[in-house]
Amino acid sequence: MLPGPDFLVFAHRGASAELPENTLPAFRRAADLGADGIELDVQCCEDELVVIHDDELDRTTNGHGAVADRSLSELRALDAGGGAPIPLLSEVLDEVGDRLVVNVELKGAGTAGPAVELLTARAVAPDRVLLSAFDHDELVEARRRAPRYLRGALFGRLDGVDPVAASLAVAATTANLALRTVTEARVRALRAAGLEVLVYTVNEIDEAFALRALGVRGVFTDRPRELLAALGRPARG
Ligand code: G3P
Ligand code: CA
């Protein structure tokens, strides 16, 4: 079970409505606001995990082309917004890992191994991290290497997939659903199977409250400040 209050606020890519997504300032801001967790996206580069969402550099950095075509030093020299570099997962853990839950979204094949290695080397407490992936093979690999780390089965369009069966198949703690796929019956079925339900990306307050009423455990939002305030948990910073 995820730690924290009944309804969890995860800052999606950090406090990404306020600061450049997936940067240390955005993660620090989320922690300062009192978010329960952050969500971030990792990709492999030279045995390191870099925190960036897209396959291409163009939208979020001053670089161009594919992330996969760049060396680590080239990636690290780029500006990911406001002068901040693309962070390493290890840097994020150093900065905020002891202040909130870190949801590491494993983007792409081969990310589970280095992620588990890093968490293990740093003796990160199992309930401080949630490993999630759309590619459930990465979750299988994470479980094989270190079953103690919590797993979140991510789903986009369901297209006939049963999220209950798919989540149980990887012994997930959470099923992470796209907002457009949430129904009362689906949430009920997932909860009845012992799964906690998280929903992305929820930027409207009324939607977050409706999800809470359905029994959803938490949401990923770009706007943690606004949601925390609406929940009666105003920003500490
Ligand atoms: O983990 C929830 C959400 O971040 C998944 O979608 O595209 O924003 O990484 P995306
Ligand atoms: Ca993500």
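Read the numbers this way: they start at 1 and go in the same order the structure lists the ligands and their atoms. This is a predicted model, so every value here is computed, not measured.
- There is no path of hydrophobic side-chain contacts, each under 4.5 Å, that joins F10 to V219.
- One finds an angle of 90° at the Ca ion (ligand 2) between OD1 on D41 and OE1 on E105, to the nearest 10 degrees.
- Remark: ligand 1 atoms within the under-4.0 Å shell around heavy atoms of F134 are 5 (C), 6 (O).
- Q43 contributes a side-chain N or O that, together with a main-chain N or O of I52, makes up a donor-acceptor pair within less than 3.5 Å.
- Within the 4.0 Å heavy-atom criterion, the part of D41 lying near ligand 1 is the side chain and not the backbone.
- Atoms of ligand 1 found under 4.0 Å from any heavy atom of K107, numbered from 1 in the order shown, are 7 (O), 9 (O), 10 (P).
- Taking only nitrogen or oxygen atoms, main chain and side chain alike, S132 does not reach within less than 3.5 Å of ligand 1.
- Considering backbone and side-chain atoms alike, Y200 places every N or O at 3.5 Å or more from each N or O of ligand 1.
- Distance alone, capped at 3.5 Å, places no donor-acceptor pair between the D58 side chain and the H64 backbone.
- By the criterion of side-chain heavy atoms lying less than 4.5 angstrom apart, applied directly or through intervening Ile, Leu, Val, Met, Phe, Trp or Tyr residues, L211 is grouped together with L158 in one hydrophobic cluster.
- Looking only at N/O/S atoms, E39 comes nearest to the Ca ion (ligand 2) through OE2.
- Annotation: atom 1 (O) of ligand 1 to nearest protein heavy atom, E39 OE2, 3.0 Å.
- Looking from atom 7 (O) of ligand 1 to the surrounding protein, the closest heavy atom is H53 NE2, 2.8 Å.
- Ion pairing of R122 with D94 is present here, as a side-chain N (NZ or NE/NH1/NH2) and a carboxylate O approach within less than 4.0 Å.
- Residue V9 is not grouped with residue I38 when hydrophobic side chains (ILVMFWY) are merged at heavy-atom distances under 4.5 angstrom, including chains of intermediate members.
- Ranking the protein heavy atoms by distance from atom 5 (C) of ligand 1 puts E105 OE1, 3.5 Å first.
- V202 and I205 end up in the same hydrophobic cluster when Ile, Leu, Val, Met, Phe, Trp and Tyr side chains are linked at under 4.5 Å.
- Although no hydrogens or angles enter the test, the distance criterion places no donor-acceptor pair under 3.5 Å between the side chain of E95 and the main chain of F27.
- For ligand 1, the atoms lying closer than 4.0 Å to a non-hydrogen atom of R13 are 7 (O), 8 (O), 10 (P).
- From the protein, the heavy atom lying nearest to atom 3 (C) of ligand 1 is H12 NE2, 3.5 Å.
- Note: no N/O pair closer than 3.5 Å links N103 and ligand 1 by distance alone.
- At a heavy-atom cutoff of 4.0 Å, ligand 1 is contacted by the side chain of L154 but not by its backbone.
- D36 has no carboxylate O lying under 4.0 Å from a charged side-chain N of R99, or vice versa, which leaves the two without a salt bridge.
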